[in-house]
Engineer: 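Sharing a structure here in structure tokens format.
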Amino acid sequence: MKDNRFKAVRTAGKVPVGHMISEFPSAALAGILDVADVDFALVDMEHAGLTAERLADFCAWFRGSSVAPFVRVPQLQYHFIARALDLGVLGVMMPNVRNAAQAREFVHAAKYAPMGDRGLGLGSAHSGFRPMPDPVAYMAYANENTTLICQIESREAVEDLENIAATPGVDVIWVGHWDLSQSYGIPGQFDNPIFLDAVKRVVEVGQKHNLGIGVQPANLTMAERWMGYGFNVISYRTDAALYQEAITTGVAGVRKLAEK
């Protein structure tokens with residue numbers, strides 16, 4: 001099992017910077033993100049059509065890089081979580097965690113005993129296909145090396161946030177800003193005082209429990225603003241959004257040149 005760069009950056013007191021992959025997972029991307037000095041790559045299986053087979057490829061490509069491979073699973077089910085970890089991801093994001101009971105169920109599925117009840121299958125992708133002569137030591141290392149992220153995307157989650165954050169094994173609370181604003185009946189109104197009060201609550205509780213506090217801003221201006229609020233884990237956009245912006249800007253620029 002490779003070391004988790006995300007954890008190392010957090011331990012050093014710095015801000016881990018990642019990137020979400022939803023449309024263009026490829027072998028080349030592992031090298032590109034490594035050269036770009038990305039700390040973690042978060043592949044999206046909630047809103048994108050990626051399969052477990054593609055996730056296995058994703059983990060294999062990133063095994064040769066320093067970038068930590070993470071996944072956002074579709075929902076809170078054991079087989080999504082444990083299978084992803086067995087394929088070699090170093091972090092799991094759980095969408096729409098609404099209460100502490102769900103946070104505990106998430107941890108229980110992701111961690112080996114005594115923290116949880118993850119099934120033990122050694123010598124496969126997650127351990128680099130190497131035999132593990134000391135399974136107890138490996139289980140302890142895997143538990144420590146794995147990052148668990150609870151997405152806060154509902155009013156209900158904000159109301160139970162203290163208990164979610166206090167759940168042993170949770171490393172990061174992450175604002176899903178679109179769904180959180182929608183939950184309050186103000187979709188996309190990220191400057192609305194109601195939404196900002198919820199964000200402030202997430203930051204306060206995250207800081208109290210020394211957790212990562214994550215978000216995915218749409219641009220650098222938003223990143224600066226939200227880091228000013230206290231967010232200390234940043235995913236810089238999705239692959240599709242970056243590609244669309246770059247190609248749109250470039251094509252428009254070429255058309256202007258052609259008109260001269």
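Model, not experiment: these values are computed from the prediction.
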Engineer: Flag the pair Trp61 / Pro25 as yes when at least one side-chain heavy-atom distance between them is below 4.5 Å, and no otherwise.
Structural biologist: yes
Engineer: Decide if atom CZ of Arg83 counts as having more than 12 heavy atoms of other residues, nucleotides or ligands within a radius under 6.0 Å.
Structural biologist: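 No - once you tally the heavy atoms of other residues, nucleotides and ligands closer than 6.0 Å, there are 12 at most.
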Engineer: Ignoring hydrogens and geometry, is there a side-chain-to-backbone donor-acceptor pair from Arg237 to Ala218 under 3.5 Å?
Structural biologist: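 Between the backbone of Ala218 and the side chain of Arg237 there is a qualifying donor-acceptor contact (under 3.5 Å).
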Engineer: Measuring from atom CG of Leu42 to atom CZ of Arg72, what distance do you get when rounded to the nearest 0.5 angstrom?
Structural biologist: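 Rounded to the nearest 0.5 Å, the CG-CZ separation comes out at 6.5 Å.
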Engineer: Count the heavy atoms belonging to other residues, nucleotides or ligands that lie under 6.0 Å from CD of Gln244, then report whether that count exceeds 12.
Structural biologist: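 No, because the 6.0 Å sphere around CD of Gln244 holds 12 heavy atoms or fewer from other groups.
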Engineer: Please report the closest heavy-atom contact between Cys59 and Gly88, naming both atoms and the distance.
Structural biologist: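 Heavy atoms of Cys59 and Gly88 come nearest at SG-C, 3.7 Å.
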Engineer: I'd like to know whether Leu148 forms a side-chain contact (heavy atoms from CB on, under 4.5 Å) with Met94, so could you lay out the CA-CA distance, the side-chain angles of the two residues, the decisive distance to 0.1 Å, and finally the verdict.
Structural biologist: CA-CA 8 Å; Leu148 300 186; Met94 182 57 59; over 6 Å; no
Engineer: May I have the step-by-step check of side-chain contact (heavy atoms from CB on, under 4.5 Å) for Val9 and Phe40, ending in yes or no?
Structural biologist: CA-CA 10 Å; Val9 173; Phe40 66 101; over 6 Å; no
Engineer: If you compare all heavy atoms of Ile164 against all heavy atoms of Val97, which two are closest, and at what distance to 0.1 Å?
Structural biologist: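 Result for this residue pair: CD1-O, 4.0 Å.
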Engineer: What's the separation between atom NE2 in His108 and atom OG1 in Thr167, rounded to the nearest 0.5 Å?
Structural biologist: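 It is 13.5 Å, given to the nearest 0.5 Å.
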Engineer: Determine the interplanar angle of the Trp226 and Phe190 rings, folded into 0 to 90°, and report it as parallel if under 30°, tilted if 30 to 60°, perpendicular if over 60°.
Structural biologist: perpendicular
Engineer: Is any side-chain heavy atom of Met222 less than 4.5 Å from a side-chain heavy atom of Val215?
Structural biologist: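 Side-chain contact under 4.5 Å: no.
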Engineer: Are Tyr112 and Val73 joined in one hydrophobic group, where the rule is that I, L, V, M, F, W and Y side chains link up if heavy atoms are under 4.5 Å apart?
Structural biologist: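 No; Val73 is not reachable from Tyr112 via cluster members.
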Engineer: So, do Glu245 and Thr248 sit near enough that their side-chain heavy atoms are less than 4.5 Å apart?
Structural biologist: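 Counting from C-beta outward, Glu245 and Thr248 never come under 4.5 Å.
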Engineer: Count I, L, V, M, F, W, Y as connected when their side-chain heavy atoms are under 4.5 Å apart, and connections chain through other members. Are Val67 and Val92 then in the same cluster?
Structural biologist: yes
Engineer: Do you know the tightest heavy-atom contact between Gln216 and Ser235?
Structural biologist: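 Closest approach of Gln216 to Ser235, heavy atoms only: OE1-OG, 2.5 Å.
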Engineer: Do Ser65 and Lys2 touch side chain to side chain, with heavy atoms closer than 4.5 Å?
Structural biologist: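 Yes, their side chains come closer than 4.5 Å.
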Engineer: For a quick test of reading the model, state the closest non-hydrogen atom pair linking Glu23 to Ala240 and the distance between them.
Structural biologist: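 Scanning both residues completely, I find the closest heavy atoms to be CG-CB, 3.8 Å.
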Engineer: Look only at the side chain of Asn143 and the backbone of Lys111, and say whether a donor-acceptor pair between them is shorter than 3.5 Å.
Structural biologist: no
Engineer: Backbone N or O of Gly188 within a donor-acceptor pair of the Ser181 side chain at under 3.5 Å?
Structural biologist: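 Yes; judged by distance alone, with no hydrogens or angles, the pair exists.
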Engineer: Hey, what do you get for OG (Ser66) to CZ (Arg5), rounding to the nearest 0.5 Å?
Structural biologist: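 With rounding to 0.5 Å, OG (Ser66) is 4.0 Å from CZ (Arg5).
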Engineer: Are any non-hydrogen side-chain atoms of Leu90 and Thr146 less than 4.5 angstrom apart?
Structural biologist: no
Engineer: Restricting to side-chain hydrogen bond (donor to acceptor under 3.5 Å, both in side chains), what partner residues turn up for His177, sequence neighbours left out?
Structural biologist: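 Checked His177 against side-chain hydrogen bond (donor to acceptor under 3.5 Å, both in side chains); zero matches.
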Engineer: In this structure, would Leu29 and Met45 fall into the same cluster of hydrophobic residues linked by side-chain contacts under 4.5 Å?
Structural biologist: yes
Engineer: Under 4.5 Å between any side-chain heavy atoms of Asp239 and Ser22, yes or no?
Structural biologist: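 They are in side-chain contact.
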Engineer: Check the pair Val71, Val43 against side-chain contact (heavy atoms from CB on, under 4.5 Å), reporting the backbone distance first and the verdict last.
Structural biologist: CA-CA 5 Å; Val71 65; Val43 65; 3.6 Å; yes
Engineer: Among the clusters formed by ILVMFWY side chains lying less than 4.5 Å apart, do Val38 and Phe24 turn up in the same one?
Structural biologist: no
Engineer: Is any side-chain heavy atom of Phe6 closer than 4.5 Å to a side-chain heavy atom of Val172?
Structural biologist: yes
Engineer: Quick one: does Glu153's side chain get under 4.5 Å of Ser183's, heavy atoms only?
Structural biologist: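 SC-SC contact between Glu153 and Ser183 ruled out.
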Engineer: Consider side chain to side chain contact (heavy atoms under 4.5 Å, CB included). Of Glu156, Arg201, Glu204, which one does Leu161 pass it with?
Structural biologist: Arg201
Engineer: Are Val202 and Leu211 in one and the same hydrophobic cluster, where Ile, Leu, Val, Met, Phe, Trp and Tyr link if side-chain heavy atoms are under 4.5 Å apart?
Structural biologist: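 Per the 4.5 Å side-chain linkage, Val202 and Leu211 are co-clustered.
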Engineer: Answer with yes or no whether the side chains of Asn145 and Tyr138 bring together a donor and an acceptor at under 3.5 Å.
Structural biologist: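 Asn145 and Tyr138 do not have a side-chain donor-acceptor pair below 3.5 Å.
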Engineer: Going by the side chain to side chain contact (heavy atoms under 4.5 Å, CB included) test, name the single residue among Asp39, Val89, Asn4 that passes it with Phe70.
Structural biologist: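 Only one option passes, and that is Asn4.
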Engineer: Measuring from atom OG1 of Thr51 to atom CG of Asp57, what distance do you get when rounded to the nearest 0.5 angstrom?
Structural biologist: 8.0 Å
Engineer: State, to 0.1 Å, how close Val107 and Pro168 come at their nearest heavy-atom pair, and which atoms those are.
Structural biologist: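 Where Val107 meets Pro168 most closely, the heavy atoms are CG1-O, 3.4 Å.
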Engineer: Before you tell me yes or no, could you show the steps for Phe58 and Leu55 under side-chain contact (heavy atoms from CB on, under 4.5 Å), namely the whole-Å CA-CA distance, both residues' side-chain angles and the distance that decides it to 0.1 Å?
Structural biologist: CA-CA 5 Å; Phe58 171 83; Leu55 180 62; 3.9 Å; yes
Engineer: May I ask you to decide whether Arg225 forms a salt bridge with Asp191, counting only side-chain N to carboxylate O separations under 4.0 Å?
Structural biologist: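 Salt bridge present between Arg225 and Asp191.
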Engineer: For the atom pair CD1 (Ile234) and CD1 (Ile213), what is the distance rounded to the nearest 0.5 Å?
Structural biologist: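 The CD1 atom of Ile213 is 10.0 Å from CD1 of Ile234, to the nearest 0.5 Å.
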Engineer: Would the Trp174 and Phe231 ring centres measure less than 6.0 Å apart?
Structural biologist: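 No, the ring centres sit 6.0 Å or more apart.
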Engineer: Give a yes or no on whether Tyr243 atom OH has more than 12 heavy-atom contacts from other residues, nucleotides or ligands under 6.0 Å away.
Structural biologist: no
Engineer: Which atom pair, heavy atoms only, marks the closest approach of Gly212 to Val233?
Structural biologist: CA-CG2, 3.9 Å
Engineer: Looking at OH of Tyr236 and CG of Asn219, how far apart are the two atoms once the value is rounded to the nearest 0.5 Å?
Structural biologist: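 Going from OH on Tyr236 over to CG on Asn219, the span is 6.5 Å.
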Engineer: When you look at CD of Glu144, are more than 12 heavy atoms from neighbouring residues, nucleotides or ligands closer to it than 6.0 Å?
Structural biologist: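 No, because the 6.0 Å sphere around CD of Glu144 holds 12 heavy atoms or fewer from other groups.
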Engineer: We want to know whether Ser154 and Asp179 form a side-chain donor-acceptor pair, criterion being a heavy-atom distance below 3.5 angstrom.
Structural biologist: no
